[in-house]
Amino acid sequence: DMVDTWEAQQKETVGQLATLKARLWPEFGFTILLLLVSMGHMWGLPLPAIIDPMHSPESALNHALLQLVLTLPVLWSGRHFYLTGLPNLWRLTPNMDSLVAMGTGAAFLYSLWNTVEVALGHTGKVMDLYYESAAVVLTLVSLGKFLETRSKGKTSQAISRLMDLAPKTATVLRDGAEAEIPVEEVRVGDRVAV
């Protein structure tokens, strides 16, 4: 029974690890692109005129919209933070997911509002976009959860190997003679030869 529970937990951990790993690819891919668009000019990478926020009002809007489009897949991939964290917050039992959901949600909504402002002609608001902050936080916390789950899996494998070292049979004294029986058949009162 304990072995069945152990194996079920192992399968669950392997499944969680696969799910977390599958989420990391889109999160990292879109976050890196988003960082290049939003901060590339700070690293000396030129932006094409069509998305250069300083080129024209239209390019400022294109810059904001491109960041929005690159952020949405990261938010979708990290939606479990919102689906878990926000209900926990409403139940007054916040956890780490609640904190991530609040922080990234605030950064996203503030940026979305400023994107609307840019669309209405307030092009200076293009400098007040924090889409990349929301994406980076989601991506890094997802990476942390992946590494944590992987470490738990390795620890579980080590424990499993230790359990395999336990003897499968025991030598007991019955009726004046030694008998080798499966460990599961050892009963209270048996004399075990070591």
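Values below: every heavy atom of this structure, side chains too, minus hydrogens, waters and symmetry copies. As the structure is a computational prediction, the values presented were derived from the model and not from experiment.
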Checklist line | Met96 CE: over 12 foreign heavy atoms closer than 6.0 Å | finding: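 12 or below, so no.
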Does one side chain, of [X] or [Y], offer a donor that lies under 3.5 Å from an acceptor on the other?
X: Tyr131; Y: Thr115; result: yes
X: Gln67; Y: Ser38; result: no
X: Ser59; Y: Ser56; result: yes
X: Ser111; Y: Asn114; result: no

Please report the interatomic distance [atom1]([X]) to [atom2]([Y]), rounded to the nearest 0.5 Å.
X: Glu27; Y: Leu24; atom1: CD; atom2: CG; result: 6.0 Å
X: Leu72; Y: Leu112; atom1: CG; atom2: CG; result: 8.5 Å
X: Thr31; Y: Leu143; atom1: OG1; atom2: CG; result: 11.0 Å
X: Ser142; Y: Lys21; atom1: OG; atom2: NZ; result: 15.0 Å

Are any of the side-chain heavy atoms of [X] and [Y] separated by less than 4.5 Å?
X: His63; Y: Val37; value: yes
X: Phe30; Y: Val69; value: no
X: Pro26; Y: Pro73; value: no
X: Asp97; Y: Tyr82; value: no

Which heavy atom in [X] sits nearest to a heavy atom in [Y], and how many Å separate them?
X: Asn95; Y: Gly85; value: OD1-CA, 4.1 Å
X: Pro94; Y: Leu89; value: CB-CD1, 3.9 Å
X: Leu138; Y: Gly78; value: CD2-O, 4.2 Å

Determine whether [X] and [Y] fall in the same hydrophobic cluster, where Ile, Leu, Val, Met, Phe, Trp and Tyr are linked whenever their side-chain heavy atoms lie under 4.5 Å apart.
X: Trp25; Y: Ile32; result: no
X: Leu83; Y: Leu109; result: no
X: Val137; Y: Tyr110; result: no
X: Leu70; Y: Val116; result: no
X: Leu36; Y: Leu140; result: yes

Next item on the list: Start with the C-alpha gap between Arg23 and His80, add the side-chain angles, then the distance that decides, and say whether side chain to side chain contact (heavy atoms under 4.5 Å, CB included) holds.
Entry: CA-CA 10 Å; Arg23 288 178 185 158; His80 58 283; 3.1 Å; yes
Next item on the list: For Lys125, check salt bridge (charged side-chain N to carboxylate O under 4.0 Å, His left out) against everything at least two apart and list the hits.
Entry: none
Next item on the list: Please assess Val141 against Thr104 for the test side chain to side chain contact (heavy atoms under 4.5 Å, CB included), listing each intermediate value before the final yes or no.
Entry: CA-CA 11 Å; Val141 174; Thr104 58; over 6 Å; no
Next item on the list: Identify which one of Trp76, Tyr130, Phe108 satisfies the side-chain contact (heavy atoms from CB on, under 4.5 Å) criterion when paired with Thr71.
Entry: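 That would be Phe108; it is the only one of Trp76, Tyr130, Phe108 passing the side-chain contact (heavy atoms from CB on, under 4.5 Å) with Thr71.
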Next item on the list: Going by the side-chain contact (heavy atoms from CB on, under 4.5 Å) test, name the single residue among Leu34, Ile51, Leu61, Leu33 that passes it with Leu66.
Entry: Ile51
Next item on the list: State whether the side chain of Thr84 and the backbone N or O of Phe81 hold a donor-acceptor pair below 3.5 Å, judged by distance alone.
Entry: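 Answer holds: no.
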